[in-house]
Amino acid sequence: MQIPETMKALTVRPGPVYQLERIPTPRAGEGEVLIKVEACGICAGDVKARQKAGQMWDRPDNPDHSIPGHEFFGTVVEIGEGITAVSIGDRVISEQIVPCWNCRFCKTGHYWMCRESNIYGFRGNPDGGMAEYMIFPAGAIIHKLPADMPMEQAVLIEPYACGKHCVDRSKAGNEDVVVLSGAGCLGLGMLGALKLRQPKQIIVLDVRDDRLAKAKAFGADLTMNPAKEPVADQVRALTDGLGCDIYIEATGYPQSVEQGLDMIRSLGTFVEFGVFNDKVTTDWTVIGDRKELNVLGSHLGPYCYEPVIEWLASGKLPSDGVVTHQFPLERWEEAFATAQSDPQAIKVVLVPGLQV
Ligand SMILES: [Zn+2]
Ligand SMILES: [Zn+2]
């Protein structure tokens with residue numbers, strides 16, 4: 001396959017300035033793989049990074065530009081020396097973090113907390129997938145995709161892997177009433193993974209009714225809208241006045257934290273996944289003295305890509321209608337605006353091959 005000398009890429013340069021430009025197509029060096037990008041999802045994290053783009057330039061080693069995007073997949077078009085696990089023509093995805101394999105976390109199997117924190121598309125290194133081509137650097141964790149997996153599924157592997165990890169953190173079991181707060185792309189991925197653990201009951205909360213309808217279609221036992229209903233009272237009423245066993249926070253809104261601490265039972269498990277724009281304050285007495293809660297965090301999707309790929313392919317993880325919008329790279333600005341504020345949007349995707 002002919003690799004063109006230049007490619008279209010959405011770049012971020014100091015300023016910060018986001019723009020679509022033509023830059024030299026990267027080539028695969030030793031231990032690297034060059035991918036022709038099929039699609040790249042826009043994450044809430046990408047939208048937030050653009051709003052607070054100063055964060056992109058906080059590293060002394062950052063290059064003069066950066067390409068965002070960590071929800072990508074594509075086809076191998078060039079392999080560097082030493083690559084044997086994949087071949088040209090394979091459809092592949094790389095986990096969103098490229099571990100250093102040398103730090104204490106990497107050496108003990110906790111590669112997702114690698115001290116280098118080399119997540120594609122952030123902080124300038126490595127470049128992400130909002131371009132026609134991208135490099136999977138040496139050390140990347142690469143997985144193969146079925147040749148016939150639709151784009152609408154493949155582009156969800158990254159967020160769904162994060163969702164599965166979060167749900168695994170909760171250790172939800174068959175006796176548990178689980179409240180899942182947030183039915184965006186991540187929350188819907190969590191719902192699918194949660195269903196497979198077969199808890200007693202799954203209650204999904206969101207302030208958008210269309211998302212609640214989707215959650216219902218994806219198997220939620222109950223849905224409630226906190227903007228319209230006294231959800232904490234309702235959850236207590238369903239649980240003999242005790243509250244839910246597990247609360248998963250996947251909205252990134254401070255009210256959702258407060259709401260969770262209110263409706264969770266004593267000795268319950270609270271899992272935080274959301275990313276917040278501002279600091280959250282709450283009464284920590286509830287966590288300790290009053291309820292003796294387990295409060296857990298969740299980051300990325302370690303050891304989750306393989307099962308998620310398999311479960312998406314077999315239909316065990318529902319994904320219908322999660323991708324709501326597709327744009328070519330040229331319309332990136334509209335795509336970001338849609339992801340940020342279109343009330344119909346769940347997952348907005350950039351597709352480099354799409355007709356402008
Ligand atoms: Zn993301
Ligand atoms: Zn490391």
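In each ligand, atom 1 is the first atom listed, and ligand 1 is the first ligand listed. All values reported here derive from a predicted model rather than from experimental measurement. Heavy atoms only: backbone and side chains are in, while hydrogens, waters and symmetry mates are out.
Taking 2.8 Å as the threshold, Cys162 does not count as a candidate ligand of the Zn ion (ligand 1), since none of its N, O or S atoms lies below it.
Annotation for Leu293: hydrophobic cluster partners, listed by chain and number, are Val177, Val179, Ile203, Leu205, Leu222, Met224, Val231, Val235, Leu238, Tyr247, Val257, Leu261, Met263, Ile264, Phe270, Phe276, Val280, Trp284, Val286, Ile287, Val295 (ILVMFWY side-chain heavy atoms under 4.5 Å, direct or chained).
In summary, of the residues considered (Trp112, Tyr303, Phe273), a ring pair (Phe, Tyr, Trp, His ring centres under 6.0 Å) with His165 occurs for Trp112 alone.
Remark: at the Zn ion (ligand 1), atom OE2 from Glu71 and atom NE2 from His70 enclose 100°, rounded to the nearest 10 degrees.
With His110 contributing its side chain and Thr108 its backbone, the two residues share a donor-acceptor pair below 3.5 Å.
Thr251 and Ser181 are not linked by any side-chain donor-acceptor pair at a separation below 3.5 angstrom, with hydrogens and angles left out of the test. Arg22 and Thr6 are linked by a side-chain donor-acceptor pair at a separation below 3.5 angstrom, with hydrogens and angles left out of the test. Checking Asn225 against Asp206 by side-chain atom types alone, no donor-acceptor pair falls below 3.5 Å.
Cation-pi contact between Arg50 and Tyr18: present, with separation from the ring centre below 6.0 Å and deviation from the ring axis of at most 45°.
Around the Zn ion (ligand 2), protein N, O or S atoms at less than 2.8 Å number 4.
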